[in-house]
Amino acid sequence: MSQPDELEAFRARAREWLLANVPARPSFKLPQTFLEVEAREQLEWLRDWQRRLYDAGYLGFDVPEEYGGRGVDRERRRVVTEELVRARAPFLVNFIGLEWAGPTILTFGTEAQKRRMLPPLLRGDELWCQGFSEPAAGSDLASLQTRAVRQADGTYRVTGHKVWTTVAHFASWMILLARTDPAANKYAGISYFLFPMDATGVTVEPLLKMTGEGGFNQVLFDDAPSPADSLLGEEGQGWTIAMTTLTFERGAAETHARERAAALLAQLGRVVELAREREREGAPALADPVLADRIAQLWIECAAIGLSMARTRAPALNAERPFALPLMNKLVSSEWNQRLAELATELLGADAALWLDDPRAPHGGDWTRGYMNSFGMTIGGGTSEILRNVIGERVLGLPKGK
Amino acid sequence: MSQPDELEAFRARAREWLLANVPARPSFKLPQTFLEVEAREQLEWLRDWQRRLYDAGYLGFDVPEEYGGRGVDRERRRVVTEELVRARAPFLVNFIGLEWAGPTILTFGTEAQKRRMLPPLLRGDELWCQGFSEPAAGSDLASLQTRAVRQADGTYRVTGHKVWTTVAHFASWMILLARTDPAANKYAGISYFLFPMDATGVTVEPLLKMTGEGGFNQVLFDDAPSPADSLLGEEGQGWTIAMTTLTFERGAAETHARERAAALLAQLGRVVELAREREREGAPALADPVLADRIAQLWIECAAIGLSMARTRAPALNAERPFALPLMNKLVSSEWNQRLAELATELLGADAALWLDDPRAPHGGDWTRGYMNSFGMTIGGGTSEILRNVIGERVLGLPKGK
Amino acid sequence: MTALDLLALPDVGEEFSFSDEHELTRASARRFLAERCPTSEVRRLMDDPVGHDASTWRSMAELGWLGTTVPQPLGGAALDPLHLALLFEEQGRALLPSPFLACQLALSALELAATPEQAARWIPPILSGEQIATLAFEEPSGASRGAADTRAVPARGGWVLVGVRPHVLGAASAGLVIVPATEPDGGVGLFAVELPHPCVLVEAERSVDTTRRAARLVLEGASVPAAARLERSSRAVVERVEARGRTLLAAEMAGGIAAVLERTRAYACEREQFGRPIGAFQAVKHPIVDTMVSAELARSLALGAAVAWSREPARHDTLSRMAKAYASDAFAVAVRRGVQLHGGYGFTWDCDIQLWFKRAVASRALLGDALHHRRWLAAALGGA
Amino acid sequence: MTALDLLALPDVGEEFSFSDEHELTRASARRFLAERCPTSEVRRLMDDPVGHDASTWRSMAELGWLGTTVPQPLGGAALDPLHLALLFEEQGRALLPSPFLACQLALSALELAATPEQAARWIPPILSGEQIATLAFEEPSGASRGAADTRAVPARGGWVLVGVRPHVLGAASAGLVIVPATEPDGGVGLFAVELPHPCVLVEAERSVDTTRRAARLVLEGASVPAAARLERSSRAVVERVEARGRTLLAAEMAGGIAAVLERTRAYACEREQFGRPIGAFQAVKHPIVDTMVSAELARSLALGAAVAWSREPARHDTLSRMAKAYASDAFAVAVRRGVQLHGGYGFTWDCDIQLWFKRAVASRALLGDALHHRRWLAAALGGA
């Protein structure tokens with residue numbers, strides 16, 4: 001951990017570096033989040049940004065140095081995140097790698113896997129995607145049907161069909177769930193692989209989102225070979241490891257809490273600016289008492305979410321239901337974000353209809369696009385409906401439905 | 001059916017009669033609805049009103065004359081209802097008799113039952129209560145355990161425990177569901193009785209509501225005799241008949257639609273008056289844009305409910321889902337009513353806390369009492385949750401849960 | 001007026017004024033649209049440069065849809081507005097891409113404000129389907145509704161129009177646009193501007209909802225002859241035209257909610273998770289029921305407003321605002337639930353829910369959003 | 001200030017400034033209340049003429065609860081306000097009937113506005129439990145918050161107070177009430193009025209929530225000596241006292257939501273219908289989860305406001321408003337769901353949910369309702 005004065009010096013350096021290095025927006029349209037990276041030029045521009053941030057020493061504060069990180073230092077990580085938000089820096093394109101795959105590998109990987117996988121992951125040289133969902137296994141993830149058959153030489157052969165696979169078209173690796181024992185019960189038969197996307201027999205087909213953007217895909221596996229050391233953890237341990245990944249995905253990791261809060265506040269700040277700037281009946285929308293009341297409510301909830309994230313750092317304050325805050329975090333912030341995004345479209349009035357390619361679209365149509373993309377968060381990584389089940393049963397001990 | 005000019009003449013007479021006959025409020029506190037009749041003096045005052053309305057010829061327009069009614073005339077019934085609302089007349093204390101038991105007896109009763117039961121029911125000489133719910137059978141009504149055992153002489157002996165029994169303490173009769181065949185499946189084993197409340201072995205114990213008011217009860221049956229002709233319909237037909245009663249209870253009967261709409265509008269009107277009268281931050285509450293916006297929304301929904309009730313009179317307009325409007329009616333109006341009642345308490349600010357016995361309570365504390373009593377409607381007669389199941393399954397054909 | 005009188009419902013007549021003829025209109029529209037406008041056709045037209053199908057449009061004209069409520073002397077069928085509302089409901093359900101709403105708005109303006117000579121000149125080609133017409137009803141972004149920001153100045157025996165009107169439905173295909181403009185005396189005139197016009201720029205907008213095209217009109221000192229001014233123009237006429245437009249748009253949106261309900265219902269019956277159709281789960285079932293409830297309420301308001309339009313004109317303005325306000329929010333909620341309950345698939349281009357989602361976004365504020373109309377209603381009650 | 005700076009969260013410190021001492025406070029309060037204030041005791045006190053138990057009150061004084069945040073020279077424990085907020089949370093959970101909130105409001109006023117002499121006179125008897133004190137913070141119905149409708153006029157070497165203050169918590173048991181009143185120069189003075197007083201009528205109110213007593217104070221030209229005016233009175237002090245009051249009330253209400261959650265959860269696990277506990281049904285399970293979410297968010301805001309009170313005073317006012325606004329609405333929703341999910345039983349006097357229901361109704365607008373505080377927050381953002 002850094003000392004307070006060291007930390008402030010670090011913050012000053014980071015701020016200065018960001019001022020000098022945050023790139024101007026490119027001429028082409030940037031995606032809003034890592035979920036919508038569609039074109040090669042978007043990818044390379046974003047990857048370049050991740051590399052420069054890494055090379056300058058501002059990325060990897062939750063990974064030990066021997067695996068390419070900067071050593072575990074929560075405070076520095078927080079400072080960097082706050083400064084990234086302040087500088088309105090681009091997002092990090094290898095989000096799945098940094099936030100979901102990386103922490104899982106760090107927890108369950110062998111020494112060799114950690115040394116091989118983590119450095120290029122951090123630098124963005126190798127992108128990661130997630131192969132969990134299937135056409136018939138969305139909310140009911142454990143019913144997945146993709147098969148991985150162990151060969152005599154210890155390698156596996158994978159056959160199956162994954163969907164909603166973000167950035168699969170640019171990824172080098174996939175965290176893949178596949179059934180290795182069809183005879184076992186539906187949980188015990190699953191294993192977890194670090195699967196090379198350049199394997200033969202892998203076909204990536206883009207899926208279009210409702211916005212018309214790409215960025216996610218279906219991935220077909222036809223007897224695709226996976227090396228012997230691609231298994232993460234033990235055979236049959238996949239479900240347990242997947243639950244850990246989902247916990248990271250749902251933002252349970254308390255280290256990230258404060259930076260998520262900063263991100264939510266930044267979103268709110270942009271909507272407040274919008275409400276000051278947009279007129280309605282001849283006056284700023286923010287002067288409309290009903291709209292102002294809704295914005296105030298979203299502000300209150302944003303503060304409540306942010307303070308709840310801060311509360312996760314005080315285990316003693318959460319002793320009665322230790323999993324309540326981590327598990328509710330993704331549910332609450334994704335729904336809050338959706339309401340905020342919808343309100344933004346309402347502030348635009350009839351101009352909410354102007355789309356990305358209209359030169360007069362407010363802020364390039366990003367508000368309406370953002371509202372649509374908000375469903376990626378209320379559906380992906382466990383729908384809000386599934387999360388309410390999980391919280392009801394795991395946190396509150398309510399009986400399972402059948 | 002009346003001709004238009006006859007009808008207008010009838011309306012004029014009714015209005016005049018009501019002007020002369022609607023009683024001044026008594027010195028004691030009146031209940032807000034038939035669900036809260038607690039004291040004998042309340043009962044007698046209200047019964048007297050029902051008798052006078054009946055004797056004057058304004059009650060019984062859905063019952064043929066041979067059973068004490070005024071002959072079936074929907075238009076006159078509607079006119080009377082509209083004039084009752086306009087005159088702010090007291091409610092009719094034998095509500096369960098008039099609205100639930102009466103129509104059921106008219107549909108399923110023998111000639112003798114109709115001749116015996118309906119005239120005193122209409123006049124309020126004999127009050128009715130409903131014995132459906134049991135401690136372990138609320139939403140899951142069909143799991144009821146009260147037993148009725150047929151005797152050699154054709155009479156029955158009833159043993160069991162009913163709850164939430166409104167006006168049981170004043171009722172002469174109960175519409176009673178009891179299990180006559182424990183071996184049959186849970187629906188087929190149920191029969192429907194017109195049960196005399198003065199039978200031996202019947203104990204009525206008052207239950208207090210959260211408001212501190214009485215009006216409902218639990219009723220214990222200890223081998224209580226029920227006469228041979230007390231069975232309504234056939235033995236084992238009870239579930240089917242009960243569903244008909246519940247349809248009446250949930251306001252499905254289209255004859256009542258327009259009068260319900262008038263009642264909702266009257267409630268809204270009172271809240272609008274309240275919002276004009278109450279001050280907030282030194283100005284009428286109705287001048288507060290946020291409160292005014294909420295009132296406007298409730299007005300819109302009230303109009304939508306009223307127009308939907310009017311739509312039930314045009315079967316051709318509802319051919320695709322004929323049961324949609326009747327079944328959603330109770331759900332929508334009870335939830336609307338609850339939101340309206342809660343808003344009224346919010347208009348009162350801190351004075352919402354002043355209770356019935358405080359001399360400064362706005363309107364005698366009726367707003368806060370009304371909000372609490374609104375739960376009687378969202379819980380009784382099928383909770384909102386159960387109604388959403390029923391609509392989902394019966395109207396939309398969604399699969400049953402298990 | 002007591003609150004109770006003000007709040008009273010309109011008298012919609014016996015059986016909601018709904019007759020066998022209305023049922024015929026509804027059923028034949030449903031059949032026609034099922035045949036001519038399945039979702040595949042909607043998707044085809046999304047990429048079409050014009051945005052609607054010419055032969056379908058001709059057929060609609062031949063069926064007499066365009067002149068449904070137009071008086072017979074002007075070549076219309078003079079049916080009551082409930083017929084027209086039913087046509088809109090069905091089009092909203094099928095999501096028919098067409099300039100039908102644009103034409104109805106223009107026809108309303110002509111019917112209410114034109115002299116017989118003006119009407120005889122401009123109405124027949126619209127009814128026959130030859131001429132697409134529209135009304136430039138939206139103010140520039142941020143201006144008050146009805147401010148009529150566009151100005152008309154008398155000049156050289158005619159008028160010169162200056163101003164900008166966004167979101168003009170169907171304008172890129174239209175040969176005629178009716179433009180409300182403020183006159184020097186402060187009144188509002190409705191001007192029939194024939195397109196193309198050398199000083200009227202028609203900039204096609206790129207809408208999120210490509211099933212309904214719109215354009216931005218820039219009137220750069222556009223001269224029109226004196227006869228272009230609809231003689232019976234007034235602010236009151238503009239308000240009546242808007243009330244009609246709200247009624248029809250609300251009916252269309254109610255149809256949209258019904259379509260979202262039907263698709264979500266069907267998906268919930270078919271998609272299985274945890275060994276059963278997801279519609280068996282209350283977390284899916286109950287929100288679908290709520291969508292059904294809102295579909296029915298939206299329909300009652302829109303059709304009620306259509307009945308009031310001819311039967312209780314004094315209450316039509318109020319009801320049309322209620323109908324549009326309710327439909328705006330209810331449609332928004334229905335598509336939000338629709339996407340969510342379709343899960344990952346709902347988020348894709350392939351899933352048809354997105355089509356109604358975008359229609360809901362694009363229609364929400366047209367002719368005023370819910371907040372705007374609720375404020376008007378609150379003022380009518382004596383509130384803020 | 002950019003929007004982002006204005007919106008920034010307070011720094012609540014490492015581990016939310018929560019230490020082992022705080023945990024001790026919380027746990028011992030929970031134990032004390034479980035022993036002294038089970039629901040049966042709450043119900044007993046509902047019918048009690050005084051409304052609280054004298055021996056429990058004495059024990060609270062002995063435990064030092066009353067002086068938790070009071071500076072040591074005045075006889076307090078000088079602990080940080082998070083301790084006090086935790087006590088309120090536990091009392092809200094147990095629904096303890098007591099004049100604790102009344103006393104804390106009075107103590108805040110005395111701590112911030114009294115001279116050392118005044119403090120030395122009035123504070124010790126409060127801390128010892130001998131004297132119940134309160135603050136008359138509510139304006140008469142309909143007046144603006146903070147208008148200080150009551151007037152203070154200098155007379156005969158002292159002051160005369162004229163006005164009406166409703167909803168004065170614990171006033172019928174109090175020996176001292178602090179009254180904010182407008183002075184001739186327009187400023188606000190805080191006056192310590194000892195009760196009984198010949199010209200102060202204390203009319204007990206009959207509240208829907210008989211677990212917390214209040215009275216209406218009528219000051220009919222009540223003379224008080226010059227020394228009754230707290231010397232450091234100002235509008236700013238009144239605002240700080242209100243911010244503290246909001247923080248504590250919000251913590252109490254957060255405790256109330258947690259209690260409703262716990263009872264509803266337990267009932268849903270126990271009550272069977274259709275052959276299984278009703279908590280297995282998503283229509284029951286999911287609303288309970290939503291109550292849990294609101295309980296956690298309310299708690300974070302209330303405790304966050306308590307931390308800011310001492311650690312980030314510049315943000316305390318804002319946070320206290322957020323906490324009270326959120327708790328007001330969330331508690332109202334939680335009790336509404338609580339009654340509904342208990343079904344017919346929830347509607348009875350016997351079911352304990354009604355106790356919190358009434359507390360929620362009675363607390364909703366005390367010290368300002370959600371709408372009031374959201375308006376203030378919106379204004380801070382530059383809005384209406």
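Order of the sequence lines fixes the chain letters, A, B, ..., with proteins taken first and strands second; residue numbering starts at 1 for each chain. Values reported hereafter were calculated over all heavy atoms of this structure, with side chains retained and with hydrogens, waters and symmetry mates removed.
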Under 3.5 Å: donor-acceptor pair, side chain of [X], backbone of [Y]:
X	Y	value
D:Lys324	D:Ala243	no
A:Gln32	A:Gly370	yes
D:Trp356	D:Gly92	yes
A:Trp336	A:Leu298	yes

Salt-bridge present ([X], [Y]; N to O < 4.0 Å):
X	Y	value
A:Arg339	A:Glu342	no
A:Asp140	A:Lys186	yes
D:Arg299	D:Glu296	no
D:Glu262	D:Arg265	yes
A:Arg78	A:Glu82	yes

Non-hydrogen atoms of chain D under 4.5 Å away: do they reach the side chain of [X], the backbone, both or neither?
X	result
A:Arg321	side chain
A:Val290	neither
A:Leu317	both
A:Leu387	neither

Please output the residues of residues 244-260 of chain D in contact with chain A, using a heavy-atom cutoff of under 4.5 Å, in numerical order.
none
Determine which residues belonging to residues 326-343 of chain D lie within contact range of chain A, meaning some heavy atom pair is under 4.5 Å apart, and list them by number or answer 'none'.
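At a heavy-atom separation under 4.5 Å, chain A is reached by D:Tyr326.
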Option that, when pairs with chain D are counted at under 4.5 Å, heavy atom only, ranks first among [options]:
options	value
A:Val395, A:Asp293, A:Leu325	A:Asp293
A:Leu398, A:Leu331, A:Ile305	A:Leu398
A:Ile391, A:Leu291, A:Asn318, A:Asn389	A:Asn389
A:Ala283, A:Gly397, A:Ala304, A:Ala296	A:Ala304

Has [X] got more than 12 heavy atoms of other residues, nucleotides or ligands less than 6.0 Å from its [atom1]?
X	atom1	answer
A:Glu16	CD	no
D:Phe274	CZ	yes
D:Arg240	CZ	no

Check whether [X] gets within reach of chain A through its side chain, its backbone, both or neither, counting any heavy atom under 4.5 Å.
X	value
D:Asp290	side chain
D:Ser17	neither
D:Val293	both
D:Arg26	side chain
D:Leu319	side chain

For a quick check under 3.5 Å, do [X] and [Y] share a side-chain donor-acceptor pair by atom type?
X	Y	answer
A:Ser139	A:Glu385	no
D:Glu15	D:His22	no
D:Thr25	D:His83	yes

Most chain A-contacting option - heavy-atom pairs closer than 4.5 Å, from D:Ile288, D:Leu301, D:Ile278
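The option with the most such pairs is D:Leu301.
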Please determine whether side-chain contact (heavy atoms from CB on, under 4.5 Å) holds for the pair A:Arg77 and A:Asp62, giving the CA-CA distance in whole Å, both sets of side-chain angles, and the decisive distance to 0.1 Å.
CA-CA 8 Å; A:Arg77 175 174 168 134; A:Asp62 36 20; 2.4 Å; yes
